[in-house]
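Notes follow the structure.
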Amino acid sequence: QPTSVFGPNDAIYVVADLSNAPVGTAVNSKWYYVSVEGMDPNTLIDEADLSIDQDNFSGTVHFFFPAGSDWPLGTYAVELYLNGELIQTVNFSVQ
């Protein structure tokens with residue numbers, strides 16, 4: 001179920017839909033602390049890259065942290081890039 005509020009030990013997924021993406025399309029995610037006690041705001045947590053290996057790919061791509069990652073309480077952001085261009089920022093919180 002789509003949500004923007006998670007528990008500290010939940011799996012956290014960010015899902016994006018692609019339509020007619022050519023082979024070699026690059027999708028990237030960058031995860032940031034926004035407002036988390038003890039962490040500098042807008043600090044990069046992690047990033048991941050995907051490269052589309054099918055021509056005219058239509059479907060979903062996802063980035064995730066597995067359950068048990070022990071997220072500190074606070075707010076976060078994930079930036080999604082398509083071929084190096086920022087296409088969306090997704091905000092979520094851990095409560």
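Keep in mind it's a predicted model, so treat the numbers as computed, not measured.
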Under 3.5 Å: donor-acceptor pair, side chain of [X], backbone of [Y]:
{"X": "N83", "Y": "A26", "result": "yes"}
{"X": "N56", "Y": "A21", "result": "no"}
{"X": "S58", "Y": "N20", "result": "yes"}
{"X": "T43", "Y": "Y33", "result": "no"}

Quick one, [X] and [Y] - any side-chain contact, counting heavy atoms below 4.5 Å?
{"X": "P8", "Y": "L73", "answer": "yes"}
{"X": "N9", "Y": "D70", "answer": "yes"}
{"X": "Y76", "Y": "I45", "answer": "yes"}
{"X": "V15", "Y": "V61", "answer": "no"}
{"X": "N42", "Y": "D40", "answer": "no"}

Looking only at heavy atoms, which two atoms of [X] and [Y] are closest? And how far apart?
{"X": "L80", "Y": "S29", "answer": "CD2-CB, 3.9 Å"}
{"X": "P22", "Y": "D55", "answer": "CA-OD1, 3.6 Å"}
{"X": "V94", "Y": "G7", "answer": "CG1-C, 3.8 Å"}
{"X": "N28", "Y": "E47", "answer": "ND2-OE1, 3.7 Å"}
{"X": "G74", "Y": "V36", "answer": "CA-CG2, 4.1 Å"}
{"X": "L50", "Y": "H62", "answer": "CD1-O, 4.1 Å"}

**Request:** State yes or no: do F92 and I87 share one hydrophobic cluster built from I, L, V, M, F, W and Y residues joined by side-chain heavy-atom distances below 4.5 Å, directly or via other members?
**Result:** yes
**Asked** If Ile, Leu, Val, Met, Phe, Trp and Tyr residues are connected whenever their side-chain heavy atoms lie under 4.5 Å apart, and connections chain through other members, are V34 and F63 in the same group?
**Response** no
**Prompt:** For the residue pair W71 and F65, is the inter-centroid distance of their aromatic rings smaller than 6.0 Å?
**Reply:** yes
**Prompt:** Taking atom CG of L44 and atom OH of Y32, what is their separation to the nearest 0.5 Å?
**Reply:** 5.0 Å
